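This one's a predicted model, so the numbers in the text were calculated from it and none came from an experiment. Just the heavy atoms: all of them, side chains too, but no hydrogens, waters or symmetry mates, feed the values below.
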Amino acid sequence: MSKLCQYCGAEMDNEALECPECLKKIPGADSIRKRKEAEKKEKQKKIFRIITGSVLAAAFITGLVLLVTHFVRKPSDIYMKPVKKYIYGCVSNEYDEYISAFPEYLQQIMSEQYAYIVMNEMPSTPEKVHTADLLYFDQYYRAIAQKYGTDFDITYKIYDEKHLTDEELEKYTNEFRSFDQKNLSDVSFSEGYELTVAFTVKGNLGSKTITEKEFPVLKIDDTWYIMNYIDFFKEKQDTNIQNMN
């Protein structure tokens with residue numbers, strides 16, 4: 001829209017406060033300018049209040065969620081991490097992920113056993129040991145896939161959990177150190193659970209549930225480990241910690 005200057009008759013924008021031709025201000029121009037500036041500032045303040053309120057609300061909600069998550073998080077969310085590694089390794093044919101679920105000493109024992117099974121003798125270098133381990137684990141993965149189907153998955157359900165006492169932790173520690181008194185003398189379990197947990201292997205060719213009782217998950221320093229080997233292929237297995245030696 002446009003209007004005419006009352007002084008020179010030139011056409012000017014309807015919102016203009018002075019004429020573009022004669023440069024004379026319209027009556028009340030200064031008051032109109034001050035009113036518009038005040039309205040602009042008030043609008044900016046309103047937008048700022050809305051943004052600030054939204055940020056504070058988002059921060060409050062985020063903090064509340066984190067607080068609730070902290071208090072409702074189950075212990076199993078922490079101590080089952082090595083079990084999830086073990087399962088992921090089996091499902092994805094990732095040997096290094098699978099073996100990392102065990103304490104370092106048990107990793108070494110298992111690695112040497114796997115290598116010996118493949119080579120019928122102990123390989124001469126760590127690299128050859130690891131290569132043999134990968135071959136062994138690939139055969140194990142293929143055996144599970146052949147039995148249950150290439151799309152097989154492994155899930156678990158905890159039916160019972162027992163938080164270990166200091167005396168029970170000491171028993172596990174002494175048992176573990178007995179494998180190698182010299183090299184394991186400084187190793188101790190700071191926390192642990194004994195579980196009754198059911199593992200279900202399921203694929204397009206079939207399924208099977210393996211129930212483990214008194215299944216130990218133990219913490220060394222800040223890292224949780226499993227102590228028992230679970231065979232998802234064989235019909236029966238003895239998973240006592242002593243069989244790892």
**OP:** Assess whether side-chain contact (heavy atoms from CB on, under 4.5 Å) is satisfied between L218 and L169, documenting all intermediate values.
**Re:** CA-CA 8 Å; L218 301 170; L169 286 172; 4.1 Å; yes
**OP:** Evaluate the side-chain contact (heavy atoms from CB on, under 4.5 Å) criterion for residues K157 and V197: first the C-alpha distance (whole Å), next the side-chain angles of each, then the deciding distance (0.1 Å), finally the verdict.
**Re:** CA-CA 6 Å; K157 183 175 181 180; V197 54; 6.0 Å; no
**OP:** Assess whether side-chain contact (heavy atoms from CB on, under 4.5 Å) is satisfied between T155 and V201, documenting all intermediate values.
**Re:** CA-CA 7 Å; T155 57; V201 190; over 6 Å; no
Original post:
Would F102 and Y225 satisfy ring pair (Phe, Tyr, Trp, His ring centres under 6.0 Å), going step by step from the backbone distance to the final call?
Top reply: CA-CA 5 Å; F102 297 92; Y225 298 99; 8.9 Å; no
Original post:
Between K208 and Y148, is a side-chain contact (heavy atoms from CB on, under 4.5 Å) present by the stated rule, with each step listed?
Top reply: CA-CA 9 Å; K208 176 184 178 182; Y148 300 104; 3.1 Å; yes
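The closest side-chain heavy-atom distance from K81 to T223 is not below 4.5 Å. Looking at heavy atoms from C-beta onward, C90 lies out of side-chain contact with Y141 at the 4.5 angstrom threshold. Residues E191 and L164 fail the side-chain proximity criterion, which asks for heavy atoms closer than 4.5 Å. Side-chain contact check for D166 versus E170: every heavy-atom pair is 4.5 Å or farther apart.
Nearest approach of S111 to V129, heavy atoms of both residues: OG-CG1, 3.3 Å. Of all heavy-atom pairs spanning C8 and C22, the tightest one is SG-SG, 3.8 Å. Here the closest heavy-atom approach between residue D186 and residue R177 is recorded as C-NH2, 4.3 Å.
In summary, the side chains of T165 and E168 do present a donor paired with an acceptor at a separation below 3.5 Å, with no hydrogens or angles considered. For the residue pair Y156/E212, the side-chain donor-acceptor check at 3.5 Å is not satisfied. A side-chain N or O of T209 and one of T200 form a donor-acceptor pair less than 3.5 Å apart.
The aromatic rings of Y95 and H130 stand perpendicular to each other, their planes meeting at an angle above 60°, with 30° marking the opposite boundary. Ring planes of Y193 and H163: tilted class, angle from 30 to 60°. The aromatic rings of W224 and Y79 lie tilted to each other, with the angle between the two planes from 30° to 60°. Note on ring orientation: taking the six-membered ring where Trp is involved, the planes of F189 and F176 are tilted (angle from 30° to 60°).
Interatomic distance, CG of L106 versus CG of N228, reported as 9.5 Å (0.5 Å rounding). With rounding to the nearest 0.5 angstrom, the CD1 atom of I154 is 9.0 Å from the CZ atom of F199. The CE atom of M122 sits 8.0 Å away from atom OH of Y116, with the distance rounded to the nearest 0.5 Å. Between the OG atom in S100 and the CD atom in E94 there is a gap of 10.5 Å [rounded to 0.5 Å]. Between the CG atom in L184 and the CD1 atom in I220 there is a gap of 8.5 Å [rounded to 0.5 Å]. How far CD1 of I117 is from CG of D133: 9.5 Å, rounded to the nearest 0.5 Å.
Judged purely by atom type and a 3.5 angstrom limit, D153 has no side-chain atom pairing as donor or acceptor with the backbone of V91. Not one N or O on the side chain of Y86 forms a donor-acceptor pair closer than 3.5 Å with the backbone of E97. Using a distance-only test at 3.5 Å, with no hydrogens or angles considered, no donor-acceptor pair links the side chain of D138 to the main chain of L134.
No cation-pi contact links K202 to F152, judged by a cut-off of 6.0 Å to the six-membered ring centre and 45° from its axis.
Residues Y159 and V217 fall into different hydrophobic clusters, defined by Ile, Leu, Val, Met, Phe, Trp and Tyr side chains chained together at heavy-atom separations under 4.5 Å. One hydrophobic cluster, built from ILVMFWY side chains closer than 4.5 Å, cannot hold both I230 and Y88; they sit in different ones.
Salt-bridge check for K162 with E214: failed, with every basic side-chain N at 4.0 Å or more from each acidic carboxylate O.
Within a 6.0 Å sphere centred on NZ of K84, heavy atoms belonging to other residues, nucleotides or ligands number more than 12. For D221, the CG atom counts as loosely surrounded, since its 6.0 Å shell holds 12 or fewer non-hydrogen atoms of other residues, nucleotides or ligands.
Under the ring-ring contact (aromatic ring centres under 6.0 Å, His included) test applied with Y114, the options F137, Y140, Y136 reduce to a single match, Y136.
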